[in-house]
Asker: 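Below is one structure. I have some questions about it.
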Amino acid sequence: MAFEGTNTVVFLASALLISAFSVVIYRLYFHPLSHIPGPPLACITSLWLYTKTYLGTEASSIDRLHQKYGPVVRIAPNEVDFSDGAALAPIYTEKGGFLKAESYRNFDIEGHPSIFSALDPVHRKSRAKAVVGMFASSSIRERIGIIEECVVRMVDRMQAEASTGKAVNVLNLTRSLAVDAVSAYLFGKSYNGIAEESGSQLSASEFVNTFVAVGRFFYLPNWAFILLESWSAKLNKDKSEVDKSMAAINSFAEKLVEEARPEDPTYQGRMLKAGISEHETVAQCLDVMFAGTDSTGMNLATACWHLAQNPKQYERLRQEVLSADPSTDPQTLPYLSAVLRETLRLSFANPTRLPRAVPAGGWTFKGIYIPPSTVVGLSPYTLHLNPAVFPSPEKFLPERWEDPTPEMNRDHIPFGLGPRQCIARNLAMAELALGVREIAKRDALRGARTRGKVVLLEWFNSKVEGEKIELVWS
Ligand code: HEM
C-alpha cells in the first residue's frame, strides 16, 4: 500500500513538473509574443511584474529593461511595454484608443465601476456625460472664486506653519487644498480640510493613502486582489487610523448624497438625475475625492519643493506674477505655465503604465505584430525621463518649455491621453495655476529650504514614503 502511495506522489510530481516545463517552453518559444524581447523570467511568469509592482519599483525596472532590450519589451507572459512615443496615438487616441485593461477593475469602489475604473465605455459614458460639463473650462471660469478662496486659505496656513520654525509637511497642506477645492466646487460643500488643526495630519489622508495602496496589487487578477486586500487590511497596524479616516470620508459622502436632490447642479445631484443609484453615487463621489486630492496635492507640493530648491526660477516666476494684471488668468502667464508643465513632468503622481488591451484583430506597430488581448502601455516615467526628448531629464528646467519640440509635447502625458485622459484636467490645472500664483504673489516660499528627500513608491498613484514633502523656513 505504502509503495502504491509513493508511486502516486511520484506520478503527480512528475506530471506537475512536465506541465510546468511545457508552460515555460511554450511561453518562451511558441507563445504569440515570443518574438518580443524581454527578461526570460518576466516572459515565463507574471510574478516578475507583480513583485516589481508590489515593491514600488515597476516603472524604473521597466525603464531599465528598455535600455537593455529596446523600445518594445515583454514584461509579462501577455504584456508588452513601449518606450517609443509614436505608440501613444494608436494605443490611446486613434479610433477612440484601446479599452482599459482588466486590472482597472481593482479600483472599483464598493462593487461599482467608477468613471475611472470602468472598462466598458457604454457604462462609463452615462456617468461621465452627467458630470462632464462641470469640468469644462467655461464652467470652472464662472465659479473660479470657489477655488481661489481655498487657495488663499491654504497659503494663509502655509505662512502660519512656516512662522513656527518647525518643518512643514507641504503635502499635507496641498492635499487639504485639493480636497477642499474638489468638494467645494463639485459637491457645493467643502470638506474643510484646511480648517483642521494646524500641524495635524489631514483627516482625509489615510483614506487617500488606502486608495494609493491599492496600486501595489494593481495587476493581480480581481479575485486575488480582493483576497489580498482584505488580508492586508486586517494586518494593517494603523488600522484604527485608517478606519477613522474612512469613516470620516464615507459619512461626508453619504451625507452629500442623502441631502442631494436630482435637480441640484452638483456632482451628486447630476448623478442621481442620470438615474444612478444612491449607493453608487456615494462611490462616484469617493472616486473623485480620492483622484482629486492625491494627484493635485502631489503636484502642488512638488512645485513648492522644486521652487524652494531653485531660487532663480522662483524669482523669475515672482517677477512675472507681480508684473501681470491681477485679473489675468494665471494659466496664460508663460513662465508660470512652464513651471507647471515641468512640475507635471517630474512629479510622477501617476508614474506607471496606463495599461490597455489590444482589440480583436491585433495591432501592428512599426512592423511588430501584437496579438489581440495583449496588455500594452506606456508610462509617464519612461517618457518624461527620456534624455533624447528631455535633455538632462532629472533637472527642473521650466525654461525647456519656452520652445518645446513636437516630441516634448507628444510625450508629456501627466493626465494620460485620449478619451480616458483625466476628466478633471482643467480643474486640476486651475487649482495648480491659482496655487502657484498665490504662493509667488505672497512670496510664501521666501527662505524655504527642502528637508530630507522625496522617495516614491512607483504605484499607479505614487506613494511618497512617509507621506511627507517637507520644507523648513529660516
Ligand atoms: C494634477 C492633477 C491630476 C493628475 C496628474 C491626474 C492624472 C490622471 C491620469 C493620468 C488619468 C488617466 C489614467 C489612465 O489612463 O488610466 C486620470 C484620470 C482620471 N482623473 Fe485625474 N488627475 C489629476 C486630477 C484629477 C482631479 C482633480 C480629479 C477629480 C476631481 C480627477 C479625476 C479623474 C477621473 C475621474 C479619471 C478617469 C477618467 C476616465 O477614465 O474617463 N483627476 N487622471
Side-chain angles (χ1 to χ4, degrees), residues 59 88 91-93 96-109 113-132 134-135 139-140 147 150 174-175 177-187 191 208 211 215 218 267 271 283-303 340-341 343-357 375-381 383-384 412-436 460-462:
L88 286 168
I91 294 179
Y92 299 102
T93 18
F98 301 167
L99 296 185
K100 281 192 166 180
E102 275 284 314
S103 44
Y104 280 91
R105 285 186 58 205
N106 293 339
F107 275 105
D108 286 357
I109 301 177
S114 65
I115 290 181
F116 169 75
S117 69
L119 308 184
D120 175 7
V122 179
H123 182 92
R124 172 194 169 273
K125 197 174 168 192
S126 51
R127 276 91 183 149
K129 203 172 148 205
V131 293
V132 74
M134 299 191 87
F135 298 110
S139 310
I140 296 167
I147 301 163
C150 300
T174 54
R175 276 181 166 187
L177 159 65
V179 73
D180 286 2
V182 163
S183 51
Y185 178 78
L186 293 179
F187 307 146
Y191 183 78
V208 173
F211 264 70
F218 184 47
Y267 199 82
M271 284 279 176
Q284 298 288 358
C285 290
L286 291 177
D287 185 45
V288 282
M289 279 184 85
F290 162 68
T293 305
D294 180 59
S295 310
T296 320
M298 176 69 184
N299 273 286
L300 191 53
T302 305
L340 290 187
R341 293 193 87 180
T343 298
L344 285 158
R345 183 180 74 82
L346 286 177
S347 77
F348 299 115
N350 299 97
T352 61
R353 294 179 316 142
L354 307 173
R356 300 292 190 265
V375 174
V376 292
L378 290 95
S379 72
Y381 183 97
L383 292 175
H384 292 186
H412 185 248
I413 58 159
F415 292 103
L417 72 172
R420 299 305 295 269
Q421 71 174 295
C422 182
I423 197 170
R425 182 184 183 138
N426 297 330
L427 180 61
M429 286 308 289
E431 283 178 49
L432 293 176
L434 289 171
V436 167
F460 189 92
N461 300 283
S462 61

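Since this is a predicted model, take the numbers as computed values, not measurements. Sequential numbering from 1 along the given sequence is applied to the chain's residues. Ligands are counted one by one from 1 in listed order, and the atoms in each one are counted from 1 as well.
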Asker: Check for me whether the distance between the ring centres of F98 and Y92 falls short of 6.0 Å.
Answerer: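 Ring-ring flag for F98/Y92: false, centres at least 6.0 Å apart.
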Asker: Contact between ligand 1 and Y92 is defined here as a heavy atom of the residue under 4.0 Å from a ligand atom; is it met?
Answerer: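 In this structure, Y92 fails to qualify as a contact of ligand 1 - no heavy atom is under 4.0 Å.
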Asker: Which atoms of ligand 1 have any heavy atom of P414 under 4.0 Å away?
Answerer: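 Checking each atom against P414, I get 5 (C), 7 (C), 10 (C).
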Asker: Record the part of Y185 in heavy-atom contact with ligand 1 below 4.0 Å; permitted values are side chain, backbone, both and neither.
Answerer: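 No part of Y185 comes within reach of ligand 1.
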Asker: Which protein non-hydrogen atom lies closest to atom 12 (C) of ligand 1, naming both residue and atom, and how far is it?
Answerer: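 I find the closest protein heavy atom is R420 O, 3.6 Å.
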Asker: Quick check, are the ring centers of F116 and F460 under 6.0 angstrom apart?
Answerer: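 Centroid distance F116-F460: below 6.0 Å, so yes.
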Asker: Can you confirm whether S139 sits close enough to Y185 that some side-chain heavy atom of one is under 4.5 Å from a side-chain heavy atom of the other?
Answerer: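 The answer is yes, as the side chains (C-beta and beyond) meet within the 4.5 Å cut-off.
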Asker: Which part of Y104 is near ligand 1, with near meaning a heavy atom under 4.0 Å away: side chain, backbone, both or neither?
Answerer: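 The answer is the side chain of Y104.
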Asker: When you compare the side chain of D108 with that of R105, does any pair of heavy atoms fall below 4.5 Å?
Answerer: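 Side chain of R105 against side chain of D108, heavy atoms only: contact under 4.5 Å found.
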Asker: Considering only the protein, which heavy-atom contact is closest to atom 41 (O) of ligand 1, and what is its distance?
Answerer: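 For this ligand atom, the closest protein heavy atom is R124 NE, 2.6 Å.
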Asker: Are any of the N/O atoms on Q421, whether in the backbone or the side chain, positioned under 3.5 angstrom from an N/O atom of ligand 1?
Answerer: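 No: no nitrogen or oxygen of Q421 is under 3.5 Å from one in ligand 1.
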Asker: For residues I423 and A128, report the shortest heavy-atom separation together with the two atoms involved.
Answerer: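 Closest pair (atom of I423, atom of A128, distance): CD1-CB, 4.2 Å.
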Asker: Measuring only between side-chain heavy atoms, which start at C-beta, is S295 closer than 4.5 Å to F415?
Answerer: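 S295 does not reach F415 side chain to side chain.
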Asker: Under the criterion side chain to side chain contact (heavy atoms under 4.5 Å, CB included), I'd like the reasoning laid out for N426 against E431: C-alpha separation, chi angles, the key distance, then a yes or no.
Answerer: CA-CA 9 Å; N426 297 330; E431 283 178 49; over 6 Å; no
Asker: Listing by chain and number, what protein N/O/S atoms are under 2.8 Å from atom 21 (Fe) of ligand 1?
Answerer: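 Result, waters dropped: C422 SG.
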Asker: Note the single closest protein heavy atom to atom 15 (O) of ligand 1, along with its residue, its atom name and the distance in Å.
Answerer: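 Nearest neighbour among protein heavy atoms for atom 15 (O) of ligand 1, to 0.1 Å: R356 NH2, 2.9 Å.
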Asker: T93 versus L88: any side-chain heavy-atom pair under 4.5 Å?
Answerer: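 With C-beta onward as the side chain, the pair stays apart.
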Asker: In terms of ring plane angle, is the pair F348 and H384 parallel, tilted or perpendicular, where the classes change at 30° and 60°?
Answerer: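 Answer is tilted, since the angle falls between 30° and 60°.
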Asker: List ligand 1 atoms under 4.0 Å from V182, heavy atoms only on the residue side.
Answerer: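 Answer for ligand 1: 30 (C).
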Asker: Is it the case that the side chains of N299 and T343 hold a donor-acceptor pair, with the cut-off being a distance below 3.5 Å and no angle test?
Answerer: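 Result is no, nothing qualifies.
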Asker: Quick one: nearest non-hydrogen protein atom to atom 1 (C) of ligand 1, plus distance?
Answerer: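 Minimum-distance protein heavy atom for atom 1 (C) of ligand 1 reads N299 ND2, 3.4 Å.
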Asker: Side chains of Y104 and R420: donor-acceptor distance under 3.5 Å anywhere?
Answerer: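 No donor-acceptor contact under 3.5 Å links the two side chains.
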Asker: Test side chain to side chain contact (heavy atoms under 4.5 Å, CB included) on T293 and V182; report intermediate values, then the result.
Answerer: CA-CA 8 Å; T293 305; V182 163; 5.7 Å; no
Asker: Within the 4.0 Å heavy-atom shell around I115, which atoms of ligand 1 are there?
Answerer: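 Listed by number with element, the hits are 39 (C), 40 (O), 41 (O).
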Asker: Could an N or O of ligand 1 be found under 3.5 Å from any N or O of T296, whether backbone or side chain?
Answerer: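 In this structure, T296 places no N or O atom under 3.5 Å from an N or O of ligand 1.
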Asker: Does an N or O anywhere in E431 fall below 3.5 Å from an N or O of ligand 1?
Answerer: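 By distance alone, the answer is no.
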